[in-house]
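Only one structure is covered here, and it is reproduced in the block below.
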There are 2 protein chains.
Amino acid sequence: MSRTATDRADALPALAEVFREHGHAGASLSRISAATGLGKGSLYNFFPGGKDEMMAAVLADIADWFEAAIFSALELSDDPVRAIAAMIRDVDTYFNSGGRVCLVGTLGLSASRDPFTKSIRLYFARWIAALATCIAKGSVPGNEASTLAERTVAGIQGAIVLARALDDENTFRRILRHHEKTMLDAIAAHRSRHS
Amino acid sequence: MSRTATDRADALPALAEVFREHGHAGASLSRISAATGLGKGSLYNFFPGGKDEMMAAVLADIADWFEAAIFSALELSDDPVRAIAAMIRDVDTYFNSGGRVCLVGTLGLSASRDPFTKSIRLYFARWIAALATCIAKGSVPGNEASTLAERTVAGIQGAIVLARALDDENTFRRILRHHEKTMLDAIAAHRSRHS
DNA sequence: ACTGTCTTGTACCGTTCGGTACAAGAGCCG
DNA sequence: CGGCTCTTGTACCGAACGGTACAAGACAGT
């Protein structure tokens, strides 16, 4: 008995990968156990609620990471051009240029999303809102900034789907770069009009 | 014993819905049996290869439908503006404004896609190619038409993800309409430059 | 070192899984 | 109506499922 002093937080990354690859239904306890290196005993010690609690913990972890690394940066920066470029770069590395799936997005597509609908909705709503306020700081009118943010987040999700289907990282990066340019162009257009 | 004279083709729509909602892993035989109204005996009579053959049949059916209803129309029409508008309309109804998931896209995201990677890649490559040739017919240069088509298909997939996550049909339609306008604008711009 | 608490491997539970076997029944041809 | 083929419900298989129980073992406090 190793008593690894492992916090449940240490298992979350491996846990997330299993859910990403196999979905909620396909992530069996044996696969989870193999991926995390934890036996059933430890798993149910850390997550008494079973698979659903594991998924909830993973979603919360993802939400925290995005909030800290992306959303707050979008809202707090006073240089929207740099903030947008940083988001695009972070998104590219996080999703591994389309090689890594967005767990929140895929979970939302499946029928087993029911207990997590609120978390899923919040994740995307928060992303769009943060990006919209960032764009709006570049003198872009609010409603235009909102639709632009919405289209960008949707484009990122679509880029993941497409890059995975075509098994081509360049597809992902190409689409990402286009959205970056579109947002920066919008800011540039409204700024020049203001001068 | 009803001897319903049912061809396996009659079961494909219900089969597709089960796979759409629950994915390959989550679509258990009991669920499939309930959704199609066919017992295990009939299912394995029609699909001796089990779940994988069912999925393959569904994918082939989907590919046929898109080829007949969308792809060929994009390529054969000599009026790209009307063809694009028709595609947008058909896509909106087919995906039920984001209420219905794209099976090919979701399958590509999961780890159980392995036996179907070729079908998945073909589906998207075909869609992008057909849309690109249609756009190119509107005097848009080939490479620009290609990236435009790629972004549109990705945008549609992302719109499904987002509309499902936010549970809002308007999100889907809004994004769809934007892509329609973008393509038509590109055609209009290059056409006017030609006159 | 002893003890009590926390952690963990393992055995085990009932259920459901994908898949097979096959007999009973339905439709068709004569 | 008698046989023959095709279809289908049902029983059944071993394996894997999610989850529980619990004893053996590892740590911390004294």
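This is a predicted model, so every value here is computed, not measured. Every chain is numbered from 1 and lettered A, B, ... according to where its sequence line falls, protein lines coming before strand lines.
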Subject >> Integer-rounded Å distance: D:dG18 C1' and A:Phe47 CZ >> reply: 16 Å
**OP:** Ignoring backbone atoms, establish whether A:Ser28 has a side-chain N or O less than 4.0 Å from OP1 or OP2 of D:dC17.
**Re:** yes
Original post:
Between B:Gly39 and A:Gly49, which is nearer to the 5' end of DNA chain D once each is assigned its nearest nucleotide?
Top reply: B:Gly39
Original post:
Does B:Thr36 reach the main-chain N or O of B:Ile32 with its side chain, forming a donor-acceptor pair under 3.5 Å?
Top reply: yes
Original post:
Checking side-chain contact (heavy atoms from CB on, under 4.5 Å) against B:Arg20, which of B:Val58, B:Ile62, B:Leu15 comes through?
Top reply: B:Ile62
Original post:
Can you tell me how far C1' of C:dG27 sits from CG of B:Asp7, to the nearest Å?
Top reply: 17 Å
Subject >> Distance test, side-chain N/O of A:Ser42 to OP1/OP2 of C:dG9, below 4.0 Å >> reply: yes
Original post:
Taking for each residue the nucleotide of DNA chain D with the nearest heavy atom, is it A:His24 or B:Asn45 whose nucleotide lies nearer the 5' end?
Top reply: B:Asn45
Original post:
Nearest-Å distance, CG (B:Leu29) to P (C:dT20)?
Top reply: 11 Å
Original post:
So what does B:Ala25 hit on the nucleic acid, given a heavy-atom distance under 4.0 Å: a base, only sugar-phosphate, or nothing?
Top reply: nothing
Original post:
Rounded to whole angstroms, how far apart are NE2 on A:His22 and P on D:dA16?
Top reply: 16 Å
**OP:** Find the distance A:Phe46:CZ to C:dT8:C1' and express it as a whole number of Å.
**Re:** 9 Å
Original post:
Between C:dT20, D:dT20, D:dC17, which nucleotide has the shortest distance from any of its atoms to the side chain of A:Tyr44?
Top reply: D:dT20
**OP:** Please report, rounded to the nearest Å, how far the P atom of D:dA16 is from the CD1 atom of A:Ile32.
**Re:** 17 Å
**OP:** Over 60° means perpendicular and under 30° means parallel, so classify the ring planes of B:Phe66 and B:Trp127, tilted if in between.
**Re:** tilted
Subject >> Ionic contact status for A:Glu144 with A:Arg151, cut-off 4.0 Å >> reply: no
Original post:
Can B:Lys137 and B:Glu75 be counted as an ion pair, charged N to O under 4.0 angstrom?
Top reply: no
Original post:
Roughly, in whole Å, what's the span from NZ in A:Lys40 to C1' in D:dG18?
Top reply: 7 Å
Original post:
Between atom CG in B:Leu43 and atom C1' in C:dG18, what is the gap in whole Å?
Top reply: 12 Å
